Structures are given as structure tokens and as C-alpha cells.
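All remarks here apply to the structure that follows.
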Amino acid sequence: MGQVKIEAAEVTRVLQELVAIPSVNPAFEGGCGETGVAEYVKRYLTGQGIPFLEQPVQPGRSNIIGMLPGGLSGSALLLEAHMDTVQATEMTIDPYAAAVIDGRLYGRGACDTKGSLAAMLVAMAALKRSGLPLPVGVHLAAVVDEEYRYTGVSRLAAAIRAGELSYCGAVVGEPTGLHRVTAHKGCVRFYIDVLGKPGHSSEPDTGINAIEQMAEVIRYLKEKIAPAYALQEHPLTGAPTHCISEITGGAAPNTIPGSCRITIDRRTVPGEEPLEVWLGFKEKLRELERQIPELQLTVQEPFIIDYALDISGSHPLVRQLGAAVAVYAEGRLEQGAAYGTDASKLARVNVPSVVFGPGNISQAHTENEWVSVQEVVSAASALAGLVLHYRRDGI
Ligand SMILES: [Zn+2]
């Protein structure tokens, strides 16, 4: 079986060009959207003679899906990476200069996740140019809106659910340091509101202080709910957690607060159903309501639900990716992650998915974000190798 040559110079050029195009998610400060990067991906694919389809997600925001045919029949392999980045404010380097210093390419999105996108684009181009017959078709989906609402991958998943697209497996590009992330956490986020009874704060006993009541709720969550998380330890992701991530309350310095709200960011582990987790909060807090008769508490419906990911390490996709990576990088393992990715949304529509890409998650979203160029080249080589040697029945 042949080999596909990945040129470091081409990888560097493509990544520099991607980083130079701002694609801050519109939800964040300075958010310009992904249009520039989507146009670049279309131009690049067209230049390589690779057909693509455009999948509108929101006005002016589209997923781009490049397609290489292969195999005699059956579904294709999916390479997926998001085009949006977080905001570039508060960076200490020029976010769009894409400077290369000592083998590191600097800029917003270099690590999360334009390194992965560049690796996938160059791998697709190299496969196409090789002229080799591919054992499996391969699609590259460059999607919008991973950093905020996951609408890009949700649109892609809807097309898969409708049977418009069909995949035997997916590699989702995120900075995993070329390790294979086979499990990650999900989350459920919701508000808890407490209502008090306002009054003049010079006579605190005349009202009901919603902030003081919320303090009881917070203490209860810490003492009665959090300790049980240790019993749910998952071997790759660790135990569930919750974080009280926001609090608001009170109306004025001289008024007994009549309301208080906290935000719960509860991270779930594989096997947990987010809605059941939320229901669990509701039920457990009823006990506190019984203890404090005047407590007026509402556990609001979740405003964000995201599922955890869990794919078996013995799945043919994971094993073949491991073999492909081992040719170019040593000591890469199966790992779990605390963060969420597009992979769990693809897994929900029955596409076995693994997270893989160049760069370290600790470099993502930072003030001097960078990625090792050599790691991006290795990722491109491994992805091309994975496709070229892919066997549906595994190794
Ligand atoms: Zn990312």
C-alpha cells in the first residue's frame, strides 16, 4: 500500500492563512463569524479539485463539507473541525500575524482548532493528489459555532439523522496533543431562583432575605449533593462536578433582597442523562424546602444540555487511528477530557467518534495561543494514513 507525502511547508502556509483570517464566534466580543474561513476552505478545496457542499446553518454562516470518493460502497469517514474561535481581546500577541517562532505558530485559533483544520485540509489534498484508490470515502466538514451553541454540528447531525449523509466513523479535531480522546464530559446548565420578601434593610427581620436563603441552598449543594460525585468516578473523565458559576441578587443597598439567582454548571460523565441529573437536583432540594418552610425556591429548566462522549478503545476506528499516529508520534494514548466537543453530538446520531488533533488544550483560548507546527504536520500525516489504510472490519 502506498504512502502519502505531507509537505511541512504546505501545512505551515495553510495554517498561517487560516489564522490570518479572523473567525471569532459572533457570540463573543469582536465576533465577525466564520465567513472568511468558510470562503478560504471553499477556495482551497476548489483549487485541489475536491467537490464540496455548503450547508447553511444561520444567515451568513454555513458548514463546508469537502468530499473524496472511495471504497466500493458504504458510508464515508468524517473528518470534522470547527472554524470559529473565541474572542481575541486581551491577547498579548498579534492574534492574526500567524508568526512562526522556534517551531511554534502563534495566533488566535492556531491551537483551537485551526491546527486541526489545516491538518485535515492538507491531508485531503494529499490524498487527492496521490491518485491512490481510497478504501473508504472521506468527508471533511468545516463547521460553524462550536464555541457557543454547537449549531454547526447540530445541522450536520440533522442531515445524518435524515439519511442525507452517512458515516462509518468520525475524527473530530481539537487540541488533544495527538492523543485519542475517547471519552469526555457533557454538561447541563440551569438557574436556581430564590424569592424573598423585600423590606427596609434597617429592619431585616421584617422581610425574607433571598440572598441569605440562597446561602443555605449553596451550603446544601456543597454538603448534600457534591460528596456523592466521588461514587460516580469514570476511569477516563473522572467524577462529575458542579460549579456555581454566577450569582445575582438584591435591588439596592438599603433593601432586603427579594430575589437571588445562581447558575449551576453541572458536568456529567458518560452514562449520565443530563435531564435526569437536573431532575435529581429538583428532588434533592425538596428536602431543603421541607427544612426551611419559608424557602421559595425554583429550579429552572436547563438552558444548555450537552451529552458526554464514550467510545470503546477497542473500536476499529480508535485502534486504526492509534496505529496511524504511532508512525509519526511516540507515546500517544487513549485519554479522557473534562471539556465538551462536537464528537458527542455525532455519537448521538450513531457515528462512532473520537477526538484527535495537534496542540495542547492548555494553550487554547490563552493570551498567547500557539501550536507546534511539527504536531500539525504529524496530525496531517496520521489522518492521511488512517484513510489510506482504513478497513471497515478493523485491524
Ligand atoms: Zn475547539
Side-chain angles (χ1 to χ4, degrees), residues 14-15 18-19 21-34 36-38 40-41 57 61 63-64 78-88 91 95-96 98 105-121 140-157 170-187 237 267 304 306-309 335-347 353-372 375-376 379-380 383:
V14 170
L15 181 52
L18 284 171
V19 170
I21 304 168
S23 58
V24 176
N25 191 300
F28 305 131
E29 192 175 344
C32 55
E34 305 87 347
V37 169
Y40 178 88
V41 170
V57 179
R61 303 175 77 187
N63 297 335
I64 309 299
L78 175 66
L79 310 179
E80 195 260 27
H82 63 87
M83 297 184 284
D84 57 324
T85 72
V86 294
Q87 68 285 347
M91 288 189 79
Y96 306 116
L105 196 152
Y106 287 84
R108 178 53 84 228
C111 165
D112 186 7
T113 211
K114 291 179 175 178
S116 291
L117 181 57
M120 289 173 178
L121 281 167
L140 189 174
V143 307
V144 300
D145 195 25
E146 189 275 342
E147 297 286 6
Y148 184 52
R149 287 272 180 188
Y150 295 122
T151 53
V153 73
S154 298
R155 175 72 187 84
L156 178 60
V171 178
V172 171
E174 291 288 358
T176 68
L178 304 182
H179 296 286
R180 301 173 304 285
V181 169
T182 54
H184 68 60
K185 289 185 177 178
C187 76
T237 66
R267 300 297 170 122
I304 285 188
D306 188 23
Y307 290 88
L309 174 77
Q335 290 186 341
Y339 54 84
T341 75
D342 281 353
S344 60
K345 274 62 83 185
L346 295 168
S353 301
V354 58
V355 188
F356 166 82
N360 190 316
I361 192 70
S362 66
Q363 274 301 316
H365 304 193
T366 57
E367 79 288 352
N368 67 340
E369 182 172 352
W370 58 270
V371 69
S372 151
E375 253 184 38
V376 184
L383 290 171

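Atoms within each ligand, like the ligands themselves, are counted from 1 in listed order. For clarity, every value in this text was computed on a predicted model and none was experimentally measured. Position 1 is the first residue of the sequence; numbering continues from there.
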For this session: Assess E147: does it contribute an N, O or S atom lying under 2.8 Å from the Zn ion (ligand 1)?
Result: no
Problem set entry | Partner set under salt bridge (charged side-chain N to carboxylate O under 4.0 Å, His left out) for E80, not counting sequence neighbours | none
For this session: Specify which N/O/S atom of D112 comes nearest to the Zn ion (ligand 1), by atom name.
Result: OD1
Exercise. Of all N/O/S atoms in E174, which lies nearest to the Zn ion (ligand 1)?
Worked result: OE1
For this session: Indicate if the distance from the Zn ion (ligand 1) to the nearest N, O or S atom of E146 falls below 2.8 Å.
Result: no
For this session: Applying side chain to side chain contact (heavy atoms under 4.5 Å, CB included) between K345 and each of V143, D306, L156, report the one that passes.
Result: D306
Exercise. Looking at residues at least two apart in the chain, or sitting in another chain, which of them share a side chain to side chain contact (heavy atoms under 4.5 Å, CB included) with A110?
Worked result: V19, L105, V371
Problem set entry | Within 6.0 angstrom of Y96 OH, more than 12 heavy atoms from elsewhere | yes
